[in-house]
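Okay, so here's the structure we're looking at.
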Amino acid sequence: MTSPLYEIEDARRYAGDVSVRVVRAGWFRPDAGGFFGVVPRPLWSRLVEADERGRLVCRLNLLLVEAGGKRILVETGTGSRMTAKDRDIKGVEGGEPAVALRAVDEDPASVDFVVVSHLHYDHAGGMLDAEGRPSFPNARYVVQRDEAEAAHGDELRVQGIMEVEQLDAVRASGQLAEVSGEVELVNGVRVLRTGGHTRGSQAVLIGSDRTGSRADDPTERAIFWGDLIPTRWQIPVRWTSAYDDYPIEAIEVRNELVARAASEGWWSYFTHDPGEMPVRIEATEKGGFRAI
Ligand SMILES: [Zn+2]
């Protein structure tokens, strides 16, 4: 077993008195070829090594955000409803978000909003608990309307891939908040539809434009990328993964947002990065971008 299974990191504060902690909710090992998609092995293998089954050791990262008296959980991990065979192939250990929160002394019932970046198994699988009930009984689950529609759509590629059952159960419980585009949840925390990876993928923008008045109030901002950029290894904007449903859109939106992150000094949180976070992105002399 890879350890530690569950961890919570120290809080960082952002503009508008937003606090962010990374919750490590388990491990998973995506297939390196799929994860890096169009990128040849000689290039990606300079950054990370695959295991003996050709997989990468990655983590299931959640964010626990506190702002305006509300608690926002970003992502739900895999949950516990995968088959044993699937867990083995994908190297999933842990992954159940309510278990992860309790392990670090946080109460799942205290969560007001759950932001689901998109409806793939490793992000939306933990919307429900093992009994099929919402894992976060008092939360509204924030999903882009485009994503919910894609999950119910007729595109063959997507069928069986999206967590439709979880989506529908949360909708039936009255806890689904479908949003469109860029929406502020509380002051200093906004979701932003990016598309690219899936039709309705969303990122989370952290830190208010309206900063506090005291000299020691934080002024920094951050972004949680979802699977638009799953780890720091995938910052080169043309490095589309095989799991990106709309690669041309993914490249365009990455290029625009990565440039903003670099020029405005946003901190980055990655959903599958096993390393220390957050990190900053800078422009290189060759016109690309890299983590610093
Ligand atoms: Zn993912």
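Keep in mind that this is a model prediction, so the values were computed, not measured. Remember, it's 1-based here, ligands and their atoms both numbered in the order they're listed.
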- prompt: When you measure from the side chain of S135 to the backbone N and O of L128, does any donor-acceptor pair fall under 3.5 Å?
  reply: yes

- prompt: What do you reckon, are the aromatic ring centroids of F28 and H272 less than 6.0 Å apart?
  reply: yes

- prompt: Any idea which N/O/S atom from D227 gets closest to the Zn ion (ligand 1)?
  reply: OD2

- prompt: With respect to the Zn ion (ligand 1), what is the nearest N, O or S atom of D122?
  reply: OD2

Heavy-atom side-chain proximity of S117 to T271 below 4.5 angstrom: no

task: Would you mind reporting whether I229 and L257 have side-chain heavy atoms less than 4.5 Å apart?
output: no

- prompt: N/O/S of H120 less than 2.8 Å from the Zn ion (ligand 1)?
  reply: no

- request: Just give me the atom name: the N, O or S atom of H272 closest to the Zn ion (ligand 1).
  value: NE2

task: Please state whether the separation between the Zn ion (ligand 1) and some N/O/S atom of H123 is under 2.8 Å?
output: yes

task: Find out whether the Lys NZ or Arg CZ of R280 is both under 6.0 angstrom from the six-membered ring centre of W267 and within 45° of the ring's axis.
output: yes

